[in-house]
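Since this is a predicted model, take the numbers as computed values, not measurements.
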Amino acid sequence: MIVKHKRTTPYIAIASVLIVVLMFVPFPQGTSLKAVVTASSEFQVVSNGNGSYFTSHKDLWGNRTLISRSLVPDRGGLILYKTNPGLSRGLVAAGDTLAWLYSSTLSDKIVSLEGNINTLKASLEFERSGSKQTEIEAARLNLTYAKTRLEEQQKILERSKSLLDGKIIPQQEYDLEVRREKLDAIRVSIAEADLGSALSGAQSRKLDVILTQIADEEKKLELARDVLMQMTFVSPLSGKLSFPLSQDTLISIEQVDTLVAMLPIQGGSHSTVEWTSQLTLIGPNFQQVVSAEQMEVDDHILRVGNDQLILVRIRIDNAEGVLVPGQILEASVKFSSKSVFQMLKDLF
C-alpha cells in the first residue's frame, strides 16, 4: 500500500524555484585584498662599488624609467663622493643639489686645457700685435744680406758671361752661376715676405693654425666641464629625501604628494576585472572610494605558482600626507554581478 504525503509537492516546487534563482539570477561578488602603497616617482643615486655611480629617475605610475646615467670616472685618480651638507631628512625641491663627485684626473685635465688655451691666446695676440721689434730687425738684416748676396752673384754672373764669350770657361760652369743667381733672387723674395710678415704681425696661415688649436682645446674643455656638471647630482623632482640602509643606494627621493597603490587581483584575463566602481581603499585615518579614472590595469598577466594575477595601479592624492610609501591598505573590491550559470560558463 503506497501512502502519498500531500505536503511533498509544495517542497519540490519551492526547491525548484530556489535552484532556478541560484543558477540564473545574478548576485554581487566581492572580496577583500591587500594593496601596497608606493611613490608615484622615484630618483636614486647608487654606487656600484667599483668606482662608478648610477642614477635613475623612474615613473612608477607609468612603470617606466624616464632617464638613467652611468658615471665611470677615470681610473688611477682620486674619486670622492660628498653629500650636500645642507640636506637633511625631509622634503626637497626640484633643482636642489644633492651631492657631488670629485675626480682628480678630470680636474687635472680641466686645469691643463685652461692653461693650453691661455697660452695659445697669448701667442695669437703676440702674433697679431706686430710689435716684435727684434723679429722685425732680424727680418730687415736678412733682407739686406740677401740683396747684397744677389748683387755679388750678379757681378759674378757678368764676369762669367765675359769668360764664356772668350771661351775661357765651359757652358756648364756659366749655367751653374745662372742657377745661383736665380736662387739668390728667390732668397731676396723670401726675405722681403718675412719682413712684411713681421711688420704686419704674422702670416695669416699661422694665425689660422693658432685659431684652430684654440677651438680644438675649447671643445675638449667644454666636454670636460659638461662631464663635471653631470657629476653634480641635482634632484629632478620634489619629494621626500631619505638615506636608505643599503650601502649601494646612497640617496633616494620619492614623490609623495601623489602615491600609487599596487593591487594584485586574481584572474586570467582582463574580462574578470569588470568594475562596478565598487572599490574602496581603507587604512588608518584613511578611506577612499576609487573611481575608474584613478585606475590603470597592467597589460601583462603575472603568474605566482599556479595562480594568475592582474596588477592594478591606483593613483591616490596624498597632498595632506596621510599615507607613506610601503604602507599596506585594505582593498574592498566588488565585481559585476554574475549568476552561478554564468560563472560555470566562464569556467568551461
Side-chain angles (χ1 to χ4, degrees), residues 31-49 53-70 81 83-84 86-99 233-266 273 275 279-302 304 309-333:
T31 185
S32 179
L33 302 172
K34 302 289 184 181
V36 179
V37 176
T38 66
S40 57
S41 183
E42 180 184 60
F43 176 76
Q44 289 185 331
V45 179
V46 180
S47 170
N48 291 330
Y53 295 82
F54 174 79
T55 64
S56 67
H57 183 193
K58 295 181 179 180
D59 174 16
L60 300 179
W61 166 252
N63 192 28
R64 55 180 180 166
T65 299
L66 299 178
I67 187 171
S68 64
R69 291 182 300 162
S70 293
Y81 170 84
T83 304
N84 186 352
L87 292 178
S88 60
R89 293 180 182 274
L91 297 178
V92 297
D96 286 351
T97 298
L98 304 175
F233 301 120
V234 177
S235 176
L237 55 90
S238 298
K240 186 177 180 181
L241 169 70
S242 63
F243 301 95
L245 295 177
S246 170
Q247 294 181 353
D248 296 333
T249 305
L250 304 176
I251 287 180
S252 180
I253 299 175
E254 297 177 318
Q255 186 174 353
V256 293
D257 56 349
T258 301
L259 299 175
V260 177
M262 302 291 189
L263 177 63
I265 295 180
Q266 187 170 358
V273 189
W275 306 103
L279 190 152
T280 304
L281 295 176
I282 304 169
N285 302 319
F286 175 82
Q287 182 168 336
Q288 184 178 110
V289 177
V290 179
S291 64
E293 290 76 16
Q294 293 176 258
M295 294 184 291
E296 183 74 24
V297 181
D298 202 314
D299 293 334
H300 298 85
I301 297 176
L302 306 178
V304 180
L309 302 176
I310 296 174
L311 186 62
V312 180
R313 294 180 177 84
I314 304 169
R315 191 191 298 270
I316 304 173
D317 183 8
N318 191 45
E320 298 181 359
V322 177
L323 303 175
V324 296
Q327 188 172 349
I328 297 178
L329 301 177
E330 294 286 340
S332 176
V333 184

### Query
CG of D257 to OG of S238: how many Å apart, nearest 0.5 Å?
8.0 Å
### Query
Which pair of non-hydrogen atoms, one from A35 and one from A261, has the smallest distance, and what is that distance?
CB-CB, 4.3 Å
### Summary
In terms of heavy-atom contacts, S47 and L250 come closest through CB-CD1, 4.1 Å
### Rounded distance (nearest 0.5 Å) linking atom CD1 of I282 with atom CD of Q288
11.5 Å
### Query
With distance as the sole test, does S40 use its side chain to make a donor-acceptor pair with the main-chain N or O of V260 at under 3.5 Å?
no
### Task
Measure across G283 and L329 and return the closest heavy-atom pair with its distance rounded to 0.1 Å.
CA-CD2, 3.8 Å
### Query
Closest heavy-atom contact between N285 and V322?
O-CG1, 3.6 Å
### Summary
On a heavy-atom basis, the closest approach of F286 and I316 is CZ-CG2, 4.0 Å
### Task
Write out all pairs satisfying salt bridge (Lys or Arg N to Asp or Glu O under 4.0 Å) with one or both partners inside residues 237-252, taking only residues at least two apart or from two chains.
none
### Polar side-chain atom of N84 near backbone of T97 as donor-acceptor pair, under 3.5 Å
yes
#### Entry: Donor-acceptor contact present, side-chain D59 to main-chain R64, <3.5 Å
no
#### Entry: Spacing of CZ belonging to R313 relative to CG belonging to N63, to within rounding of 0.5 Å
4.0 Å
## Note on the structure
Correct closest heavy-atom pair for M295 and W61 would be C-CH2, 4.1 Å
#### Entry: Approximate separation, where rounding is to 0.5 Å, of E42 CD and L66 CG
11.5 Å
### Summary
So CE of M262 and CG of L60: to nearest 0.5 Å the spacing works out to 6.0 Å
### Query
When you measure from the side chain of S41 to the backbone N and O of K58, does any donor-acceptor pair fall under 3.5 Å?
yes
### Task
Just say parallel, tilted or perpendicular for the rings of F43 and H57, cut-offs at 30° and 60°.
perpendicular
#### Entry: Where at least one partner belongs to residues 320-331, residue pairs that pass side chain to side chain donor-acceptor pair (under 3.5 Å), sequence neighbours excluded
S32-E330, K34-E330
### Query
Just how far is it from atom CD1 of I253 to atom CG of L237, taken to the nearest 0.5 Å?
6.0 Å
### Message
Are the side chains of L241 and I251 in contact, using a 4.5 Å heavy-atom criterion?
### Response
yes
### Query
Judged by atom type as modelled, is there a donor-acceptor pair below 3.5 Å linking the side chain of T65 to the main-chain atoms of I67?
no
